[in-house]
Amino acid sequence: VIVCFCRAMAAGGRELLWVLLLWAIGSRADTVLVGLPKPIADYIAPVVSSPPEFVTSVRVEAGRQVLEDGRLKQLAAHNHIRTGCRVSAVRFRPSQLRGKQESLVQISELQLRSGNETLAAVAEPTTASPAREGSANAVDGNASTKWVHRLGTDLVLRLVNASEVTEVSLTSAGDAPGRDPTSWELVGELEDGGEMVLHRCRSCDHLPAERKASQGWLAAVCEEIPVQRPAWIHVDMAAPKKGKYAHKPHRFAIYFPPEFPQRPLQVSASTMLSSIYFDPEEKGLQTRVLEDAVRAMDFREVLSTLHRSLRGPLQDRHRASWRSAAEAHKSATETLRKYRKLRMHEALFSGEVQDEWIHPGLLAALQNASGWTSSRQGREALMGMGVVEELIPGQVYSFPVFTSVFQEMMLEELKNFYATGLKARRPNSMNNYGVIVNEIGMEPLVFAMQERIIKPLAFALFPEEGSHLQSHHSFTIRYKGGEDTHLDVHTDDSDVTFNVNIGGNYSGCPLVFCGLSGEPDHRQFKLAHQHRPGAAVLHRGQHRHGAEDIEDGERTNLVIWSYSRSYRATTAYKRQHLKEVGPPHPRCLSYTHDRDFGQFKQYPPGKRERFEGRGWCPQKQAEYDGFRADPPAVRQAPQS
């Protein structure tokens, strides 16, 4: 408590100190409270000091991002952005364009000045700019070149020497005025990891209509700005003592927006749950049912209502549909119930990731993750220790994660499960052999992996998609001759994918990576990676990838798809597909998804009948020059 008190005082946060003192009061629940504004702390205080009997754990996560203008904006590490403009880098953050239907932003130059001195800067590469239209063009002093990128990505300039920024100037590109930014902000990065807004433009028209023209110098104003933080509260509830939902604990994620209490909280289910009160796809709270508890602004009542929904219908008119959903939940957890007494390694079902399971290098790299004040600081720490390898800059990473102890336990547990003959659903629509580990009782373990390993890495390496991961779909896949020998190239239904090789003796079966979905190069080959036992790859779900044929032996992987509701609310998630740069690379063709597969390759045995003429990629507006589609699917006439 004394250490927490000192840290709170050093951070200058009264709200943080207040919450830590609440934590010092203690409670029966396993509670961790960090960095909350006082309105949220006041709201949850009664539950923290005296939690309901059914609450087993409360974990509070101070938000690092807010949703603004359809994109996630990373917050400063401090409760207030401090005065003074000495920065080491700036981020140009466009959010709105002159052309309402445009999805690409462009400028020819971005200049910074300190007094009368123009500041030298180096632009960080942007991952998906068209050829010869990358970020370096924004600082080359040539108005005839331009930086072009999909809206929703920052242009980052690293100053050669940290300096006071007093003015900023933009120059329009030589064409396409609809791509001119009309709403944007310039954010300065402090040398200690904090941020400050240097200039903010909302629905302004600084860029002139004429091309290759500057609007002149704009003042960079530095002032103290309070940081309004959102919060996520993750609540674990014990299963009801009897009934259809009595077979496993349940976790709910409760989101407090920065404007709380003016804007109400939102609730979603993080765990595997079939309920009439939650949308089965997005798991969003059906506020028409629980809105009374939310509107009453009583946190204890919100939690009680959630728990009551597991014991029975909240209203009489819901009785029939509640029973139907509850029966579906009981059926979905049937294997979990039956396997409980047949487990081999109970430690894999405990909800704890033991130190001896984690590779020592990664364990050391993650020890200080809680102290990272920004994604940039986290990334620099990881890359500086040499544990994480950047396979594709800014897009795909590899690192050792599990020791042989964990790998052997998992393989033994899977072999033990297969021997029982219990029913196991397919892991996903493309793999036939494997196990959905949540459905055999490992959901708590995967949540622990997500908290201890995946979240810190995703925050540092994929800050937009990975800063607030709330739920997961987790499964094993097996490649073996006579079973699944390969995996067709595809994208995942996830925001961040964690894929670890947990063992097997095999040859072949490299992972193939192409481009990001919707980008001009998303069907162009980037990398073939040989997956080492115990090592993981981390990438965005929207990254096209696959596994080529296994030549001998077998390989087993554990895959965790993590989801962020915050990211899925952004314009970046709802991406428009851009015109492809040209014909696809053969290694990046998908017989499952691509409309032109047969133009370049022979369909594998048995695949033509199932997939030819049924693909969706590329979308019509994204077709490359000279595109030719496979013949449309022929419907089989019904037999008489």
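For D492, the salt bridge (charged side-chain N to carboxylate O under 4.0 Å, His left out) criterion is met by no residue, not counting sequence neighbours.
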Decide salt bridge (Lys or Arg N to Asp or Glu O under 4.0 Å) for E61 and K455; before the verdict, give the C-alpha distance in whole Å, the side-chain angles of both, and the deciding distance to 0.1 Å.
CA-CA 12 Å; E61 183 179 320; K455 279 189 176 183; 3.3 Å; yes
What's the verdict on salt bridge (Lys or Arg N to Asp or Glu O under 4.0 Å) for E102 and R179, showing C-alpha distance, side-chain angles and the deciding distance?
CA-CA 6 Å; E102 287 282 356; R179 296 178 179 177; 3.8 Å; yes
What's the verdict on salt bridge (Lys or Arg N to Asp or Glu O under 4.0 Å) for R568 and D493, showing C-alpha distance, side-chain angles and the deciding distance?
CA-CA 12 Å; R568 294 196 171 204; D493 180 23; 3.5 Å; yes
Run the side chain to side chain contact (heavy atoms under 4.5 Å, CB included) test on E519 and H577 for me, step by step, so that the C-alpha distance in whole Å, both residues' side-chain angles and the decisive distance to 0.1 Å come before the verdict.
CA-CA 6 Å; E519 297 298 340; H577 285 239; over 6 Å; no
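Between the side chains of S95 and W184, no donor N or O sits under 3.5 Å from an acceptor N or O. Of the N and O atoms on the side chains of D495 and S564, not one donor lies less than 3.5 Å from an acceptor on the other residue. A donor-acceptor pair shorter than 3.5 Å cannot be found between the side chains of T171 and E109. A side-chain donor-acceptor contact under 3.5 Å links S562 and Q450. No side-chain donor from either of E185 and H199 sits under 3.5 Å from a side-chain acceptor of the other.
Counting non-hydrogen atoms of neighbouring residues, nucleotides and ligands closer than 6.0 angstrom, the CD atom of Q101 reaches no more than 12 such neighbours.
In this structure, the ring of H234 has its center no less than 6.0 angstrom from the ring center of F252. The six-membered or imidazole ring of H539 lies near that of F513, with a centre-to-centre distance under 6.0 Å. For Y43 and F260, the ring centers are positioned less than 6.0 Å apart. A ring-centre distance under 6.0 Å is not found for Y567 and F462. Ring-centre distance between H545 and H490: below the 6.0 Å cut-off.
Between R113 and E117, no side-chain nitrogen of the basic residue sits less than 4.0 Å from a carboxylate oxygen of the acidic one, so the salt-bridge criterion is not met. Comment: R158 engages E124 in a salt bridge, judged by a side-chain N to carboxylate O separation of less than 4.0 angstrom.
Put simply, CD1 on I233 and CZ on R59 are 10.5 Å apart, with the number rounded to the nearest 0.5 Å. Here the CD atom belonging to E164 is positioned 10.0 Å from the CG atom belonging to L198, to the nearest 0.5 angstrom. Between the CD1 atom of I392 and the NE2 atom of H529 there is a distance of 10.5 Å, given to the nearest 0.5 Å. For the atom pair OG (S103) and CD (Q576), the distance works out to 4.0 Å, reported to the nearest 0.5 Å. The distance from atom CD1 of I560 to atom OG1 of T497, rounded to the nearest 0.5 Å, is 10.5 Å.
The side-chain heavy atoms of F299 and I254, taken from C-beta on, include a pair separated by under 4.5 Å. With contacts defined as side-chain heavy-atom distances shorter than 4.5 Å, the pair L457/Y397 does not qualify.
In this structure a side-chain-to-backbone donor-acceptor pair under 3.5 Å is missing from S370 to N368. A distance-only check finds a donor-acceptor pair linking the side chain of S172 to the backbone of K212 [under 3.5 Å]. Using modelled atom types, no side-chain atom of E390 and backbone atom of V396 make a donor-acceptor pair closer than 3.5 Å. The closest donor-acceptor contact from the side chain of E580 to the backbone of H522 lies at 3.5 Å or more, if one exists at all. Distance alone, capped at 3.5 Å, is enough to place a donor-acceptor pair between the N142 side chain and the S144 backbone. A donor-acceptor contact shorter than 3.5 Å links the side chain of R544 to the backbone of C588. Between the S398 side chain and the E389 main chain, no donor and acceptor come within less than 3.5 Å of each other.
Between Y624 and F627, the ring planes lie perpendicular to each other; the angle is over 60°, past the 30° to 60° tilted range.
Cation-pi check for R251 over F447 is met; the charged atom lies under 6.0 angstrom from the ring centroid and within 45 degrees of its normal.
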